Each structure stands twice: as C-alpha cells, then as structure tokens.
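All values reported here derive from a predicted model rather than from experimental measurement.
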Amino acid sequence: MAHTAMSGNGTTPGDDPLQTAVWRLRSRGCWADAAALLLPDTPAAALQRASLLVERCLYTERGWEEAEDALRTAEALAHSDDERGAAACERGYLAYASTLLAVRDRADEARAALGRAAALIPPGASQRALLDFRRGLLAENLTSAPQAARAAYRRAHAGATAHENPLLLSFTWRHLAGLALRDGELAEARHGFSESLRIREELGYLVGTAPALVSLADTETEPEASRLREEARRLFRLLGGVPTWLSRQLAPLPPAATA
C-alpha cells in the first residue's frame, strides 16, 4: 500500500494531489476531514480511510463507531493476503487503543488480530515494520514485557529504515528511547527522543511534535526542559488539545511547599 497502512511516511510519492491533501490534514490532526477525501471503493482507499479514523481514536479518544464502520468496510473489500493482513493490523491497533485508553478491554482481540496479521504479512514486506511496531506497543503497554517490546521495536526500526518510512522511524526512535529512559540510560534516551523530534519537525507532523517535545524535556535539565514543555503547550493549544492524553503530562506542577 502506498500509504503503508497508515504508518504514513509523511511523503507523497509522485506528488499525488490527493495524498498530499490527506497528509496535510492528517498531520494537523484533521483526521475526519482527511478521511472525507477518500472514497472507500477500493481495498487501498478503504484501508487508508479506516486507518485515519483509527488513528483519530488514539489521539482524541472519540470516533470509535466511525472507525469500526470504516474498518468493517476495509475488511469486506480485502481479498489478497496483503490486504487482509493490513486490515487485521488496523483491527488490532483499534482494539489496542480501546484497551490503552480504558474505553473497553479488548486486549485479547488486539493480540489475536495482530497475530492474524503476522500470519498474512511476510517478513521483509513493507507493512511488516508497522506490524512489528504495534506488537511492540502491546508488549510494552498491555503485557508489561519491555524486553519483548524492545525486540519488536528494533525489528520495526530496521524495517522502517529499509523501506524509507521516516514517520514510522520517528515512532521507533521515540519508543526505544522511552525504554532506555526507563532503564536509566539518559544519553541514549536523549538521542532517541531528539531523533524522533527532528524527523517530525522535518515532515511537518505537527500533531506528533508536542509529545516528542515533552519526551525530550524529560531528559533535559533546566532551563531547556521548561522551554521544551512550553513549546509543547503552545502546539497543544494550537491543535485544540490534541492528543488528549498529553494534557496530563502538560499540567502545571503544584507550587513547592514553603516553611
């Protein structure tokens, strides 16, 4: 799929005007508007539309029914193993988002769908990198298995590099850095978060830039940490409070107690 099953690489091969418009809307958090540009009359278009609406759920914690409807359409149109595997990957991601955001526990569905995708998408395929990344998310956030997550992220990182998918690389850098920070590897974490931020700024992926700024701030000392968080707050407000879950990390600290 040219859109890499919505890992999205932030580029529009051949300067396709439709894909350029979809990317610009998506990168600014306008997933519904981007999806409205796509007619779900082919497997590729239906899958891309579903992917946009699934991503909206993770960033905004709403739109679940629209994502489900779009995903069912994509599943119905999928005929090849690649198409069925890509649809299963999105099904697993939607179930993961629902579980992570405490909407409904669908962890078993997420594992089953991503397992089905793994059986359909061969190793080395461009879509495999995105699948590996999402299996890493499950291992890290639903199973609490950081070693398995790290291995999956590294496979995804290698695949994203091989298939020149810079946006997915920004995610693998970010999550590998998060695991490094958890292990106390501050320099490694700072490098990974810096790379993630650099790629997102180069691509113009605004909706992912504020989270990258906050993550990098966690590895910096003052006054740089505060500068990064303030820039993240500015972008967060500019985008209307998206991603919603970032509000908890951007909440001002309580004043220090005084004697």
Can the positive tip of R200 be found less than 6.0 Å from the middle of the six-membered ring of Y205, inside 45° of the ring normal? no

Would S126 and H163 satisfy side chain to side chain donor-acceptor pair (under 3.5 Å), going step by step from the backbone distance to the final call? CA-CA 6 Å; S126 61; H163 293 284; 5.0 Å; no

Is there a ring-ring contact (aromatic ring centres under 6.0 Å, His included) between F133 and H175? Walk through the geometry before answering. CA-CA 9 Å; F133 173 69; H175 284 266; 5.2 Å; yes

Kindly say whether L169 contributes a backbone atom to a donor-acceptor pair with the side chain of T172 at under 3.5 angstrom? yes

Looking at G192, is its backbone amide N or carbonyl O close enough to the side chain of S196 to form a donor-acceptor pair, meaning the two atoms are under 3.5 Å apart? no

CG-CZ distance between L213 and R227, expressed to the nearest 0.5 angstrom: 8.0 Å

Checking F236 against V242 for the side chain to side chain contact (heavy atoms under 4.5 Å, CB included) test, could you report, in this order, the C-alpha distance in whole Å, the side-chain angles of both residues, the deciding distance, and whether it holds? CA-CA 6 Å; F236 182 71; V242 175; 5.7 Å; no

Between R150 and E140 (salt bridge meaning N to carboxylate O under 4.0 Å), is one present in this structure? no

Counting only N and O atoms by type, is there a donor-acceptor contact under 3.5 Å from the side chain of D105 to the main-chain atoms of A107? yes

Under a 4.0 Å N-O cut-off, is there an ion pair linking D218 with R229? yes

With distance as the sole test, does S170 use its side chain to make a donor-acceptor pair with the main-chain N or O of I199 at under 3.5 Å? no

Is a salt bridge present between D69 and R49, judged by a nitrogen-to-oxygen distance below 4.0 Å? no

Path from L38 to L71 over hydrophobic side-chain contacts below 4.5 Å: yes

Is a donor on one side and an acceptor on the other found under 3.5 Å between the side chain of D183 and the backbone of E185? no

Salt-bridge criterion met for R91 and E68 (N-O under 4.0 Å): yes

Are the side chain of R190 and the backbone N or O of T219 linked by a donor-acceptor pair below 3.5 Å? yes

The test is side chain to side chain donor-acceptor pair (under 3.5 Å); show your working for E109 and Y96 and say whether it passes. CA-CA 8 Å; E109 180 187 351; Y96 162 79; over 6 Å; no

Rounded at 0.5 Å granularity, tell me how far OG in S98 sits from CD in E61. 11.0 Å

Check the pair T99 / R104 against side chain to side chain donor-acceptor pair (under 3.5 Å), numbers first and verdict last. CA-CA 5 Å; T99 307; R104 182 158 63 90; over 6 Å; no

Please check this pair: side chain of R28 against backbone of R24, looking for a donor-acceptor N/O pair closer than 3.5 Å. yes

Could you walk me through whether R135 and D132 pass the salt bridge (charged side-chain N to carboxylate O under 4.0 Å, His left out) check? CA-CA 5 Å; R135 295 180 91 181; D132 284 334; 5.0 Å; no

When L239, V207, T244, L246 are each screened for side chain to side chain contact (heavy atoms under 4.5 Å, CB included) with Y59, the one that passes is V207

Salt bridge R116-E75, side-chain N to carboxylate O under 4.0 Å: no

I would like to know whether E230 and R234 meet salt bridge (charged side-chain N to carboxylate O under 4.0 Å, His left out); could you show each step before the answer? CA-CA 6 Å; E230 187 52 42; R234 187 188 68 80; over 6 Å; no

